[in-house]
Engineer: 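This is the structure I want to talk about, given as structure tokens.
The sequence lines fix the lettering, A, B, ..., with proteins before strands; numbering per chain opens at 1.
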Amino acid sequence: MRRSVAFIAGASIAFAAALPVVAGDFRVRQTDRHFSVVEIDARVSDEIEFVNDDKVAHNIFSRSIVQPFDLGAQRPGESLRIRLAGAGEMKIECAIHPKMRLTIRVVK
Amino acid sequence: MTNKRIVFALALAALTAACAPEHKQAAIDPKQKEVMDTYRRPKDIPFDKENPYSREKADLGRALFFDARLGHENAVSCATCHVPGLGWGDGLVKSPATLGRTMPRHSSTLANLAWDELYFWDGRVDSLEAQMLAAVAGPGMNTPHAELEKKLKAIPGYAPLFAKAFPGGGEAITAANVSKAIAVYERTIVSGRSPFDAWIEGDEAAISDDAKQGFWVFNGKAHCAACHSSWRFTDGSFHDIGLPGEDPGRGRALKTIVKMQHAFKTPSLRDVTLSAPYFHDGSGGTLIDVVNHYDKGGIQRDSLSVEMKALGLSNVEKRQLLAFLATLTATGEPTRVPALP
């Protein structure tokens, strides 16, 4: 089951921030230079899909020890995915827009 | 630290309300109105909850900011390279540093930094407090923190100012408190109202037709608003804009991320007519040089921002862009330099 964590309006971001999402695969949207959610509780092997619904490019990456990655430049309209490989906490950022931050807590 | 900010109301509202013009309204397309509304000024400054605003801290920070005794041989202040009348830059390609050295990058504006996330052209620190501590000990001012404290303790007039700004007993004259006071002051440095603001608020006579056309070129064909967005005319983002040079910029901290090589922080465009020269290396002598650089699209390389592309601007569009940028220059009272203790 794909659990969408996209909140269509930017005004919903604060609400999303207060409610960690649990279980399943996840879709994270990028709108108005924000992630649609700031916390995700997930399991190893879950898939995270990053959808750029913005008008500008993003560059999602993580320096986390558990699974460092760099998705590179992501143009508006593009969708990129990662499969969670290990348990632990991952800080996800946009290299271009440092205000964009997301924490994924991964359990086995 | 910056994630823990709170919004703290200041007298910006007064700046906004007191200057409200008699509006000459005109019908505006709803989609255009939506774009224009993204440029409305905020009413509050976001301060750091771990270093909240107080009048005493801001006043102390202002004195410290302009006091050349903080720097090497009592001859360099923050304001040496960040001059209010020069858009908080210094008008030089690269500032002279201490001991005969030259600063590696152009002096950037200090206006509207309370809304930023990372500081310095390369984003190497995440708070204005950390920025100040690095700057005072760096090549520009060359004052180690222990020496800074010693210098300030030797100036009798500072002791009561520190005591008021940092009540509660204990030693108040510390490098950490210097950084907190200056950071609070720097967060109060907000670009003043300009003709552009009056236009955004409905005064159609506030700017010329050329400037209005330039605003739409800025938001459309010229693609400037991809990075120079919001009332600050920056989204705090990092880009390689295709200038020559070996400086890795943000890439020094993010070595493995291709798009961060030669990437630098997008500066605010408020008061941009005052802050020549331009770019992180000061290589843009005038605003038309800057416009021509973006028109060409920059050096093609893997790290070049995907927002960069050859624009094909006409001379008329370039002229309109310059007319628009000129409307971002504040018209209010200049910043006062304080009497020093």
Engineer: Answer with side chain, backbone, both or neither: which region of B/S229 has an atom nearer than 4.5 Å to a non-hydrogen atom of chain A?
Structural biologist: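 Just the side chain, heavy atoms under 4.5 Å.
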Engineer: Contact between B/L254 and A/F61 at the side-chain level, heavy atoms closer than 4.5 Å - yes or no?
Structural biologist: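 Answer yes - side chains close enough.
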Engineer: Would you say A/K91 has more than 12 foreign heavy atoms packed within less than 6.0 Å of its NZ?
Structural biologist: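 No.
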Engineer: Under 4.5 Å between any side-chain heavy atoms of B/S237 and A/R33, yes or no?
Structural biologist: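 No - every pair of side-chain heavy atoms lies 4.5 Å or more apart.
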Engineer: Does the side chain of B/I257 come within less than 4.5 Å of A/N59's, by heavy atoms?
Structural biologist: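 They are in side-chain contact.
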Engineer: With a 6.0 Å cut-off (strictly less than), is the heavy-atom count around CG of B/D302, excluding the residue itself, greater than 12?
Structural biologist: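 No, because the 6.0 Å sphere around CG of B/D302 holds 12 heavy atoms or fewer from other groups.
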Engineer: Please report the interatomic distance OG(B/S305) to CD1(A/I96), rounded to the nearest 0.5 Å.
Structural biologist: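 Here the rounded value is 6.0 Å.
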Engineer: Enter the distance from A/D32:CG to B/D235:CG here, rounded to the nearest 0.5 Å.
Structural biologist: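 The distance works out to 11.5 Å.
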Engineer: Evaluate whether atom CZ of A/R75 has more than 12 neighbouring non-hydrogen atoms of other residues, nucleotides or ligands under 6.0 angstrom away.
Structural biologist: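 No, not enclosed.
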Engineer: Please report the closest heavy-atom contact between A/P98 and B/F238, naming both atoms and the distance.
Structural biologist: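 What the structure gives for the nearest pair is CG-CE1, 3.8 Å.
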Engineer: Output the distance between atom CD (B/E117) and atom CD (A/E93), rounded to the nearest 0.5 Å.
Structural biologist: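 That separation rounds to 9.5 Å.
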Engineer: Rounded at 0.5 Å granularity, tell me how far OG1 in B/T266 sits from NE2 in A/H97.
Structural biologist: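 B/T266 OG1 to A/H97 NE2: 7.5 Å, rounded to 0.5 Å.
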Engineer: Could you report the tightest heavy-atom contact between A/A73 and B/K259, atom names first, then the distance?
Structural biologist: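 Here A/A73 and B/K259 meet closest at CB-CE, 3.8 Å.
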Engineer: Closest heavy-atom contact between B/V306 and A/A57?
Structural biologist: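 Scanning both residues, the minimum pair turns out to be CG2-CB, 3.0 Å.
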Engineer: Heavy-atom cut-off 4.5 Å, strictly under: side chain, backbone, both or neither for B/A263 against chain A?
Structural biologist: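 No part of it gets close to chain A.
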